[in-house]
Amino acid sequence: MNDMTRPARIAEMLEPKSVAVIGASEDLTKFGGRLFKLLVHHGFEGQIYPINRKRESLLGIACHTDIGATPTPPDMAVMAVPRDHVKAAVRECAEAGTKAAIIITAKFSDAGEEGAALEAEIVEEARKFGMRLIGPNCLGLISPVNKLVLCASPALFVDKLLVGRIGMVSQSGALMATIFDRAQTRGVGFSHCFSIGNQADLDLCDFLDFLVDDPATDVICTYIEGVKDGRRFLEVAERARAAGKPVLAVKAGRTDFGAAAAFSHTASLAGSYEAFAAACRETGVVLMDDPDAMIMLAAALTRFDQPKRLETAILTTSGGGGAITADRLTDWNLPLASYAPETVAALEQYYYPDNAKANPIDMGAAITGGSMLVGEGSAQALLQDTASGIVLCPLTTAPDMRLLCECIAKGLASAEAGGARKPCLVVLQPGQAANKARAELLKHGLFYFDSLDEAIRVIDGYRTMQAMAGTRADKGGSPGKTSAEALSGALDEARAKAVLADYGVPVNRGVVAPDAAAAGKAAAGLKAPFVVKVVSPDIVHKSDAGGVALNLGDAQAVEAAVAAMAARLAAGHPKAVIEGYLVQEMVSGELEMFVGARRDPLFGPVVMVGAGGVLVELLKDVAVRLAPVSPAEAREMLLGLRVAPLLKGFRGSAPLDLGALADAVSRVSWLAHDLGDRFGELDVNPVLVGKAGQGCTGVDARLLMNDK
């Protein structure tokens, strides 16, 4: 590819010398009207070419009939034209030498097969000449750093765009604009914001890749409906971690309804949320469930040092408000601080001794002066406290909230002058009564929260970051060896257990016998008591069909049980193919667990562990990670489950063999990893866990391979 057709890099898109607005007008009810007006309004310093066949000029700028009539080929074009005109517009821009275009128009792959076919044709037209596309079905981009607004949202009709060090990529244009508007209102600015829509050409990872290298961006935020290339997402996230740039994400599709909505919105396959969450954990991406909280965490990360501890000090204007805040932190299992002695001594200047030790600190309980006079000193003391990591200020109505916020801002400035850059999260809970206070905080360069819940979600985000910090675990090496080529289709329990045994996963011994007599002979070589299960591809729920017999004491009992089972199945399931009867040693344990794995279409093999037996569907208490995992990582998965207290020993019961179970999870994860692309699913359920030192045993298993 020569220089004339070299695709424009995203960095070049943000610094165009000229921009054409196709469909420009002065009608602010239209996309083209708002796009053109906003580009002019925010001071773009390059050449603007409005494309409009019916007007000689717009806003005093000369119009052109088409791209071919512009004095020079525009570096960028933004299109707000009917869908049927988009292909021709793309072709004209590409032939003229335009490097990149933004397609605002919708109803392409987001609207069915016909639109998807047209979308593919448009991309093909652009690629013939090396032109890159953003969209379609997007709202464009905002680059405050470059004074470039190629976005039609009315939220951008503000006097000035705040410049910050947060980059944002969103698959929803309206959500991007809403987030931008709310952030700007609360004093939070951005470096660049991208609405990427259907990702027909440039996709999510292209923009994340750019932001990792962008010198104007320190924190990356993204709203995701679907990832097109899971492996590349992992690679980009790893690059961000290596660069020291936190990546925060909100992912749609946590529920079945959410996944369906995401698909209809931008033609994205939502995929498995659990696998996506596992991918985020693996690469250090902070996954959140609220866009506003995501942006406010990003703002905190760009404004303050990341806290080394989570103990939170509460500074408030209300005893009731402080009590509710303490309750809410406790609800989230977030720790409250007990102050260092020097902090208590500093607070005793303003409060009686018992109140100076209290958390929350109620400024209304000051010895003299009230909150306006003690706010600065109280804030400074807590911000310099060595026994806490965060100061949370939920403020209710007070006589002069503006003055109080000025005092808190001064306390913050004094603490920072002394080297303490501890997060100070101010929550302004009143409505219009706090408007002057909000303005005061903004004047001092301090953002604010409108709700306590948002601030607590930010603290929880800090906790997530702490949990993922540090050296990545050594996953070790594969504990077994297998040939996927030797496996095919759905493997029955006996064959699945044989594969597991090759990887050192403990399973109970068993033999498949063709009939009752052979089953009795097989039992003679095993240790009683016994369990017998029918082997049939047509009978999935063996117990319901009468295909399981338990606690058989000797070979004779096994032979009789198989004879009775065969007769029962012949009567109840006459068309079922019976391949034999699995005679196994019956084992017992203290707790039933589930261990499984599957291949996610985007991120590859994932391993799962949780409460097992009949409870696996009821409790849905499952931890998921990308495979493989080390025994240490598997142990961490287990300790995060709701049933973890049962594993550790609950109310006097003996602790169970957590180490053996973690080792089994690790071995299953390696098996899933080693089986390669043909691996489908693996269930080991239940896994019976014994007391500490007694190990664990998988007593049922299924393995599914995807045939070529």
Side-chain angles (χ1 to χ4, degrees), residues 482-502 505-588 592 594-596 598 612-614 616-617 671 675 678-688 697-708:
T482 186
S483 171
E485 299 301 321
L487 305 175
S488 178
L491 278 68
D492 61 36
E493 180 180 345
R495 290 185 293 165
K497 282 184 173 178
V499 175
L500 288 166
D502 286 343
V505 179
V507 294
N508 54 333
R509 292 195 302 160
V511 177
V512 176
D515 52 38
K521 292 179 181 179
L526 299 173
K527 182 180 178 181
F530 306 104
V531 58
V532 173
K533 301 175 186 176
V534 66
V535 179
S536 170
D538 301 318
I539 301 175
V540 177
H541 301 292
K542 303 180 187 69
S543 296
D544 295 345
V548 178
L550 303 174
N551 207 26
L552 304 171
D554 53 32
Q556 291 76 17
V558 168
E559 185 172 346
V562 170
M565 186 182 295
R568 190 163 52 245
L569 293 172
H573 298 270
K575 295 183 179 181
V577 175
I578 307 299
E579 296 178 347
Y581 302 88
L582 177 58
V583 183
Q584 297 174 299
E585 295 177 346
M586 188 170 178
V587 297
S588 60
E592 291 187 342
F594 156 79
V595 179
R598 68 176 180 81
V614 296
V616 63
E617 293 292 338
L671 173 59
L675 283 173
R678 289 187 55 236
F679 170 65
E681 298 179 28
L682 170 63
D683 289 347
V684 190
N685 182 35
V687 176
L688 299 178
T697 307
V699 298
D700 200 353
R702 293 182 300 165
L703 174 60
L704 175 66
M705 300 295 291
N706 296 319
D707 293 338
K708 295 179 181 178

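Remark: D502 pairs with no residue by the side-chain contact (heavy atoms from CB on, under 4.5 Å) rule, at least two apart or across chains.
Contact between G553 and A528 at its shortest, heavy atoms only, is O-CB, 3.4 Å. Nearest heavy-atom pair, V583 versus A519, reported as atom, atom and distance to 0.1 Å: CG2-CB, 3.8 Å. Across every non-hydrogen atom of R509 and G525, the tightest pair is NH2-O, 3.9 Å. The two residues L552 and A561 make their nearest non-hydrogen contact at CD1-CB, 3.7 Å. Scanning both residues, G510 and L582, for their nearest heavy atoms gives C-CD1, 4.1 Å. The two atoms that bring A513 and A518 nearest to each other are CB-C, 3.6 Å, heavy atoms only.
Counting only heavy atoms from C-beta outward, the side chains of L675 and L703 approach each other to under 4.5 Å. Put simply, the side chain of E592 reaches to within 4.5 Å of the side chain of L688, judged on heavy atoms. The closest side-chain heavy-atom distance from K575 to D538 is not below 4.5 Å. The closest side-chain heavy-atom distance from D700 to N685 is not below 4.5 Å. In this structure, the side chains of V534 and Y581 come closer than 4.5 Å at one or more pairs of heavy atoms.
Note that the CG atom of L550 and the NZ atom of K533 stand 8.5 Å from one another [nearest 0.5 Å]. To the nearest 0.5 Å, the span separating NZ on K497 from CG on N508 amounts to 3.5 Å. Expressed to the nearest 0.5 Å, how far CE of M586 lies from OG1 of T697 amounts to 12.5 Å. For the atom pair R702 CZ and L491 CG, the distance stands at 12.0 Å (nearest 0.5 Å). In this structure, CG on L500 lies 10.0 Å from CD on E493, to the nearest 0.5 angstrom. One distance of note links CD1 of I539 with CG of D544; it measures 11.0 Å at 0.5 Å rounding.
Applying the 6.0 Å contact sphere to CZ of R495 captures more than 12 heavy atoms from other residues, nucleotides or ligands.
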_Determine whether N706 and F679 satisfy the following criterion, side chain to side chain contact (heavy atoms under 4.5 Å, CB included), listing intermediate values before the conclusion._
CA-CA 6 Å; N706 296 319; F679 170 65; over 6 Å; no

*Should Q584 and V699 be marked as a side chain to side chain contact (heavy atoms under 4.5 Å, CB included) after you check the CA-CA gap, both sets of side-chain angles, and the distance that decides it?*
CA-CA 9 Å; Q584 297 174 299; V699 298; 6.0 Å; no

*Take T482 and L487 through the test side chain to side chain contact (heavy atoms under 4.5 Å, CB included) and record every step on the way to the result.*
CA-CA 9 Å; T482 186; L487 305 175; 4.3 Å; yes

*Show your working on side chain to side chain contact (heavy atoms under 4.5 Å, CB included) between V684 and V507 and close with a plain yes or no.*
CA-CA 9 Å; V684 190; V507 294; 5.6 Å; no

